[in-house]
Each structure stands twice: as C-alpha cells, then as structure tokens.
Amino acid sequence: MAEQKPVIPREDYLRLLSLAEDFYRQSRQSDKNIPPEDLVSALVGQTADILAKTSRQDRRARQAEGIAQAKRAGVRFGRPMAPTPQDFPALVQRWQAGEITFRQALSASGLSESTFYRRLRQSRQAQAKAPQGQNLLT
C-alpha cells in the first residue's frame with residue numbers, strides 16, 4: 001500500500017499544537033477566564049490558513065509539472081508569431097529607397113509597426129552573420 005501524504009506539513013501541525021498549548025497555559029496562569037471559543041476560533045483560523053497554503057503549494061507543484069511535461073513534448077506557449085511576408089525584403093528596400101512610405105510598407109506587409117521593426121532588426125542581424133557577399137534582404 002502506498003504511503004499517504006499527510007494533510008498538513010509537520011511544521012504547521014507543530015505550530016497548531018504550540019498555539020493550543022499557549023492558550024492552555026494562558027488560561028491556567030491568568031486570573032481572567034479565556035473562553036474556549038477563542039481557542040477554537042484561533043485553531044480553526046490557523047487550520048484554514050494552513051490548508052489553503054498547502055492547497056496552493058500542491059496546485060503550483062502540479063502546474064509546474066504539467067508545464068515542464070508540455071515543454072518536453074515541444075508545446076509552445078504564448079501567442080503564435082505573425083508570419084513574415086515573402087516580399088518583406090523587397091518592401092524594406094522600396095521603403096528605404098523612398099519609393100513607398102513607411103505606412104504603405106506596413107500596410108503591404110500586414111505587420112504591426114513593432115513587428116515590422118522587429119523583423120527588420122532580425123533580418124539585419126541575420127545579414128550581419130551571413131557570409132560576405134550574401135544579402136538576405138534581397
């Protein structure tokens with residue numbers, strides 16, 4: 001039979017036990033009567049906090065396991081990349097030559113401004129890494 005995981009961690013159990021002992025000592029040492037409802041209320045509140053914390057930790061651990069398993073399986077997270085148009089290098093050249101405006105280049109590419117600049121930067125970086133004489137923008 002598999003060993004069952006405790007409902008609450010040992011350190012939290014000891015914290016609850018310590019709280020109960022403190023209430024007991026206070027009720028015995030002081031002249032004032034501490035109503036048992038205070039002890040029950042404190043223990044229930046602490047127990048609820050501990051169970052909620054344990055539940056959050058378990059959920060996060062399961063979620064992390066699922067994400068790691070999905071990444072190993074090759075699942076990509078996030079929004080899919082917008083496709084770069086085939087004529088992007090020609091659009092860039094026409095824009096840089098002044099044949100079309102930037103807004104016309106954006107409209108023809110179908111990309112947002114930030115994506116257009118990102119693709120332009122990526123293509124320039126790829127061109128810088130390419131062997132001499134090879135122009136990736138043409």
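With Leu120 as reference, Val92 is the one residue of Thr115, Val92, Leu91 to meet the side-chain contact (heavy atoms from CB on, under 4.5 Å) rule.
Annotation: side chain of Ser55 is not in contact with side chain of Asp58 (no heavy-atom distance under 4.5 Å). Side-chain atoms of Thr84 and Phe116, non-hydrogen and from C-beta on, never get closer than 4.5 Å to each other. In this structure, Arg60 and Gln57 have side chains that are not in contact, with every pair of non-hydrogen atoms separated by 4.5 Å or more.
No more than 12 heavy-atom neighbours from other residues, nucleotides or ligands sit within 6.0 angstrom of CD on Gln69. The number of heavy atoms from other shown groups lying within 6.0 Å of CD (Glu21) is above 12.
Rounded to the nearest 0.5 Å, atoms CD (Gln93) and CZ (Phe88) are 11.5 Å apart. Atoms OG and CZ, from Ser112 and Arg119 in turn, are 8.5 Å apart once rounded to the nearest 0.5 Å.
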Could you tabulate the donor-acceptor pairs under 3.5 Å formed by side-chain atoms of residues 99-111, not counting sequence neighbours?
unit_1	atom_1	unit_2	atom_2	d
Thr101	OG1	Gln104	N	3.2
Thr101	OG1	Gln104	OE1	3.4
Arg103	NH2	Glu113	OE1	3.3
Gln104	OE1	Thr101	N	2.8
Ser109	OG	Ala105	O	3.2
Ser109	OG	Leu106	O	3.0
Ser109	OG	Leu111	N	3.2

Under 3.5 Å, which donor-acceptor pairs do the side chains of residues 40-53 form with other protein atoms, sequence neighbours left out?
unit_1	atom_1	unit_2	atom_2	d
Gln46	OE1	Arg15	NE	3.4
Gln46	OE1	Arg15	NH2	3.2
Thr47	OG1	Leu43	O	2.6
Lys53	NZ	Asp12	OD1	3.3
Lys53	NZ	Asp12	OD2	3.3

Should Ser114 and Arg118 be marked as a side chain to side chain contact (heavy atoms under 4.5 Å, CB included) after you check the CA-CA gap, both sets of side-chain angles, and the distance that decides it? CA-CA 6 Å; Ser114 59; Arg118 186 179 321 110; 4.2 Å; yes
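For residues 61-89, no pair satisfies salt bridge (Lys or Arg N to Asp or Glu O under 4.0 Å), with sequence neighbours left out.
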